[in-house]
Amino acid sequence: MHDHPTNMGPGALALVVLLVAVVGVALYIGAAVRLRRRGDAWPWWRDASVAAGAGAVAAAVLPFGAAAVLPSVAAAAVVPLPGGPFTAHMAGHLLVGMVGPLLIVLGRPVTLLLRSIPVGGTRTGLLTVLRSRPAALLTAPAVAAVLDMGGLWVLYRTPLFAAMHDDTLVAIVVHLHVFAAGMLFTVAICRLDPLRRRYGLPHLAVVLLVAGAVHAVLAKTLYAQSPPGTMFAASDLQAGAQLMYYGGDAVGVALAVVLAVRWYSGVGRARHAGGVGRARARTVTVGRARRPAA
């Protein structure tokens, strides 16, 4: 089995991640509370979703969670993780790159930020960045899918996976990319926060379907063969690959549900707006017809 050196400081890393998660959730909840105090509606479930998403990411680097974001943490875990180090790593992959981003995006943090800050230069600057061409390119569904799924193929089908176990900096950079790419893909598919360009449901559904298929194929290759430069027990490798396969499918279904709800809500709003418009037109027509002749 591939040796996992302990030259990195898992305790310090876990502390930093936990601190960032706690501060981020506190800032989010504080902004939501201020919004409600001034009379604006902001559902409480969004607070819970962001807190759960941040908790999922933090749990991936804590000894008591899926400690495989940096696999050496698994060796210090008090509670043994089922399957083995590769299965633990895959649990971390799902938490950091898929589950956590989805829960955070469902909380619409950018929308909350825009509604919290006063109208002025800061708000205008943020909107300018969100609607800029680079942001539009990065949040294009196909581009985000390539960055996310392509990065995973590079990680697991090249020596990069083995290299990150031997270098702390490489490990940190890899998992920052996993989180950032997962966030970007989730934002690009869900499109819950204000973005420059709109994409229709067929386009988003096709990209989601293709990305899910690419993720599933990668999981199947890992079921048959370890990443280059590593040797895991067959049971561990297969358990981790199955977790990746079925876990990815579960998150894909959740994203599809978000798309379906958005589509249904959009159709409902359009029908309501059309009904109101027709009702106003009828009122004007009837009023004109009943107007007495001069």
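Under a 4.5 Å side-chain heavy-atom cut-off, the cluster of Ile, Leu, Val, Met, Phe, Trp and Tyr residues that includes Leu169 is completed by Val173. Within the hydrophobic cluster formed by Ile, Leu, Val, Met, Phe, Trp and Tyr side chains joined at under 4.5 Å, directly or through other members, Leu27 is accompanied by Leu19, Val23. When hydrophobic side chains of Ile, Leu, Val, Met, Phe, Trp and Tyr are connected at separations under 4.5 Å, Val110 ends up clustered with Leu113, Leu114, Ile117, Leu126, Leu127, Leu130. Cluster partners of Val119: none. The rule joins Ile, Leu, Val, Met, Phe, Trp and Tyr whenever side-chain heavy atoms lie under 4.5 Å apart, and it links nothing here.
The shortest non-hydrogen separation linking Ile104 to Met183 is CG2-CE, 4.0 Å.
Taking the side chain as every heavy atom from C-beta outward, Pro228 and Arg157 approach each other to under 4.5 Å. Looking at heavy atoms from C-beta onward, Arg191 lies out of side-chain contact with Arg198 at the 4.5 angstrom threshold. Residues Leu112 and Arg46 have side chains not in contact (no heavy-atom distance under 4.5 Å, counting atoms from C-beta outward). The closest side-chain heavy-atom distance from Phe86 to Met90 is below 4.5 Å.
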Contacts under 3.5 angstrom, residues 199-219 side chains, donor-acceptor by atom type, not counting sequence neighbours:
residue: His215; atom: NE2; partner: His93; partner atom: NE2; Å: 3.3

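Looking at residues two or more places apart in sequence or on another chain, you find no ring pair (Phe, Tyr, Trp, His ring centres under 6.0 Å) involving Tyr245. Residues satisfying the side chain to side chain contact (heavy atoms under 4.5 Å, CB included) criterion with Arg38, sequence neighbours excluded, are Leu35, Asp40, Arg115. Taking Ser235 as the reference, Ala233 meet the side chain to side chain contact (heavy atoms under 4.5 Å, CB included) condition, with sequence neighbours excluded. Here Ser226 pairs with Thr230, Phe232, Leu237 under the side chain to side chain contact (heavy atoms under 4.5 Å, CB included) rule; sequence neighbours left out. By the side chain to side chain contact (heavy atoms under 4.5 Å, CB included) test, Ala21 pairs with Ala54, Ala58, sequence neighbours left out.
Residue Thr221 holds its OG1 atom at 7.5 Å from CE of Met244, rounded to the nearest 0.5 Å.
A donor-acceptor pair under 3.5 Å is absent between the side-chain atoms of Ser49 and the main chain of Trp45, judged by distance alone.
The salt bridge (Lys or Arg N to Asp or Glu O under 4.0 Å) analysis of residues 209-229, with sequence neighbours excluded, yields no pairs. Applying the salt bridge (Lys or Arg N to Asp or Glu O under 4.0 Å) test to pairs two or more places apart or on separate chains, those with a residue in residues 19-36 are Arg36-Asp47.
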